[in-house]
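Structure record follows, encoded as structure tokens.
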Amino acid sequence: MHILKIQGFDMRTGLTEDLIARVLGAAPKYTLAELEAKFPPRALPDGAMVTRFAPSPTGFMHIGNLYGALIDYKLASQSGGVFMLRIEDTDTKREVSGAVDVVKRAMSDFGLKYNNDEKYGPYYQSQRKDIYHSVAAELLRTGRAYPCFLTANDLEKIRAEQTAAGFGTGVYGEFARDRDITSDEIIRHLDNGEVPTIRLYSTGDPGKRIFCKDAVRGSIGFPESNEDLVLIKSNDGLPTYHFAHLVDDHFMRTTHVVRGEEWLPSLPMHYQLFRMMEWTPPVYIHTATLDKIDAETGKQRKMSKRKDPECNVAFFLQEGWPVESVMEYLGNILASGYEEAKLKGAVKNFWEYEMKPKKIPMSGALFDMKKLEWWAKEYIGAMTVSDLVKSVVTWANEYGDEKQKMQVANQDYLTAVLAIERDNPRRIRKDFITWKQTLGIEEFFFDELFVPNTEYKYNADVLRAFLETFDIADDKDTWWNKIVAIAEKFGVKNGDVAMDLRVALSGRTNTPDLYSIMQVMGKDRVIKRIKAVL
RNA sequence: GGUCCCAUCGUCUAGCGGUUAGGACAUCGGAUUCUCAUUCCGGUAACACGGGUUCGAUUCCCGUUGGGACUGCCA
């Protein structure tokens, strides 16, 4: 084994082209220079950020994914940059069919438009093998990576040994058996039919510290990583996350990498990778995770797929939450000044608000449904009646059940129903939270869904008296004066008369304005429902 | 075990050495209203703890505690 001294480090000698081709399964398609030319730096104005949302297609879009994607999108769009969608489908074992559609659908539903310029594609990592292998070949050629023939069994043994001895686990230093493997040995393994992984020949020294930058946390010091991490997996020849991140974010010319804080511990490795290639690392932004308040215990805990349906973004669509308010809620978490700006009228919506990367919170935020409800109420409260109707109808037709579809079939009637208490902008009802719940509140307007209240003790005399003088053409004052007169005649409160009518008409003790309800229901329906309880 | 991150009302946060520690949601009380909702007024409520540095710490440093992440041929 020849050891070369390069920059003070012991380096491996590189592999020959023939051997590289055998190790990788094929000769590399590109040289580094060719890749640089194929994916040139982007011609973008100063300050333009290039970001990407890079989910692995699990068939499930987590609210945390949406949160991260929103940051990516905002950063790119407000700076005149580019926002990409890259599918990290390097784990063939976990592949789920249709999973990419789930992601794309969510992106489009929540208004996150991405711009995947073909020039920098493909955007599926599974289709970028040539690129990864070409970079890996270069590393193999220069002794900065090596083929490793350790089997799963070997790895398990090493780990057990390390655990027993109290060492950190991993393939590093003396535990990296094949670190200094010779060409002859490689050939022997290859002839034996073994397929290697490609590992980094790490020159990191844990005794030294490396300082990495995070845009919100500042400089963070770590011990250098001496882990010979896997670059290319043996089972499918695809890269690991680390290597794909290095290669893709360099050649896609990503300027800002937004990812969950679970990536913080691998930051030094990524720094070392970029440094080794003499590439400029992107600006990193590690976001805190979204937790939630447990409804039963009132305690804080992480969002879980099993316990929290709302951790799946599809939940918000199915339940008919206004997507804009979900984005406003999320947006206000990542840019806390937004709420105040909106309340002051400085901006109309989150898309207009300029967020500051440095202000992204670094401590975990709790998902607060109550606050989301408030955003939703505010949002719906500010809608015009026709927009409200449109949203409700669209939702019902896509996600609604038969009852809900029936409710939106007659749009004139629905419009009249939803227009109640919306004429005065200062006093708009704010009990609508979701499209689904909105239709639920209004069920009593529909004869097919109306449930008469048989528990309530109606004052039949009062109701009869009302029927005698009832005229649908009365204006509101006339109508009310009649009610006052009836109350006086029977010695009850005005409110009691109103309540008898309210329950007879709606089956409920709480409704919006009674006069409006009667106007919308129409003469016949009013008379019929009152008579029904007499 | 090792490494790293985090810590202001119940929740999300503002604050960047001197503030009556501000706002929003929630909550409580009052006013208005035919109920509910709305709207308007008002209240309760926080700097995790211990050391420093300083004339002065919520703010800077160290430690403790608590919470979290990572320690895979998963991302």
Side-chain angles (χ1 to χ4, degrees), chain A residues 54-58 88-91 93-94 125 148 150-152 155-156 159 162-163 166-171 195-199 206 212 214 217 220-223 225 227 229-242 244-245 259-268 286 288-289 291-293 298-302 329 332-333 336-337 339-340 342-343 359 361-375 377 381 421 424 426-432 441 480 483-484 487 493-503 506 508-515:
Chain A
S56 57
T58 59
E88 309 230 324
D89 54 350
T90 54
D91 188 0
K93 296 190 292 285
R94 282 206 315 193
Q125 289 183 329
C148 171
L150 252 18
T151 63
L155 258 17
E156 215 168 286
R159 194 167 304 134
Q162 289 167 326
T163 309
F167 295 143
T169 52
V171 175
V195 182
T197 63
I198 307 301
R199 281 185 188 271
C212 308
D214 174 281
R217 287 161 223 261
I220 306 170
F222 298 87
S225 164
E227 172 84 14
L229 82 162
V230 174
L231 270 17
I232 302 286
K233 299 180 285 180
S234 64
N235 61 344
D236 49 20
L238 287 170
T240 55
Y241 170 86
H242 311 287
H245 158 54
R259 45 151 67 154
E261 64 183 344
E262 69 270 19
W263 290 109
L264 221 34
S266 35
L267 189 53
H286 292 93
T289 51
D291 297 346
K292 84 163 277 179
I293 305 165
K299 290 236 169 114
Q300 174 176 351
R301 63 168 169 77
K302 278 181 68 187
Y329 171 69
N332 190 55
I333 288 179
S336 65
E339 181 179 335
E340 203 184 328
K342 164 136 182 190
L343 257 25
K359 296 276 285 178
M362 34 190 188
S363 54
L366 264 54
F367 199 86
D368 185 351
M369 283 304 264
K370 281 282 186 231
K371 186 87 188 223
L372 207 214
E373 283 183 10
W374 175 77
W375 280 106
K377 286 177 180 179
E421 283 183 22
N424 181 355
R426 296 293 297 164
R427 294 177 74 88
I428 284 186
R429 61 190 295 198
K430 285 197 179 146
D431 50 344
F432 295 154
I441 299 181
W480 181 245
I483 288 177
V484 172
K493 292 194 207 129
N494 300 344
D496 295 338
V497 177
M499 189 54 79
D500 279 320
L501 290 167
R502 167 170 294 110
V503 178
S506 70
R508 306 195 330 216
T509 54
N510 61 320
T511 68
D513 180 60
L514 242 194
Y515 177 76

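Given the structure is predicted, the values throughout are model-derived calculations rather than measurements. Each chain gets a letter, A, B and so on, in the order its sequence line appears, and its residues count up from 1.
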Give [X] one of three labels, base, sugar-phosphate or nothing, depending on what nucleic acid heavy atoms sit under 4.0 Å from its own.
X	value
E421(A)	base
T197(A)	base
L150(A)	base
K493(A)	nothing
T90(A)	sugar-phosphate
P55(A)	nothing
Y241(A)	base
P223(A)	sugar-phosphate
G260(A)	nothing
N235(A)	base
T511(A)	base
W375(A)	nothing

Given that both distances must come in under 3.5 Å, which nucleotide forms a Watson-Crick or G-U wobble pair with rC49(B)?
-> rG63(B)

Measure from the side chain of [X], starting at C-beta and using heavy atoms only, and say which of [options] lies closest.
X	options	result
E262(A)	rC70(B), rC4(B), rA7(B)	rC70(B)
W480(A)	rC34(B), rG72(B), rC4(B)	rC34(B)
S56(A)	rU71(B), rA75(B), rC25(B)	rA75(B)
D513(A)	rC73(B), rC36(B), rC34(B)	rC34(B)
E88(A)	rC25(B), rA75(B), rA37(B)	rA75(B)

Give a yes or no on whether a donor-acceptor pair under 3.5 Å exists between the nucleobase atoms of rC5(B), that is its base, and the side chain of R217(A).
-> no

Give me the distance, rounded to whole Å, that separates [N] from [M] when you measure between the [atom1] atoms they each carry.
N	M	atom1	result
rA37(B)	rG18(B)	C1'	46 Å
rC62(B)	rA69(B)	C1'	24 Å
rG15(B)	rU59(B)	C1'	8 Å
rU54(B)	rA14(B)	C1'	25 Å

Parallel, tilted or perpendicular: which describes the rings of Y241(A) and W263(A), with under 30° parallel and over 60° perpendicular?
-> parallel

OP1 or OP2 of [N] under 4.0 Å from side-chain N/O of [X]:
X	N	result
K371(A)	rA24(B)	no
K359(A)	rG15(B)	yes
K233(A)	rG72(B)	no

Side chain to side chain, [X] and [Y], heavy atoms closer than 4.5 Å:
X	Y	value
E339(A)	W375(A)	yes
I441(A)	R508(A)	yes
L267(A)	R259(A)	yes

Between rC9(B) (C1') and L366(A) (CG): distance, integer Å | 14 Å

rU3(B) P sits how many Å from H286(A) NE2, rounded?
-> 20 Å

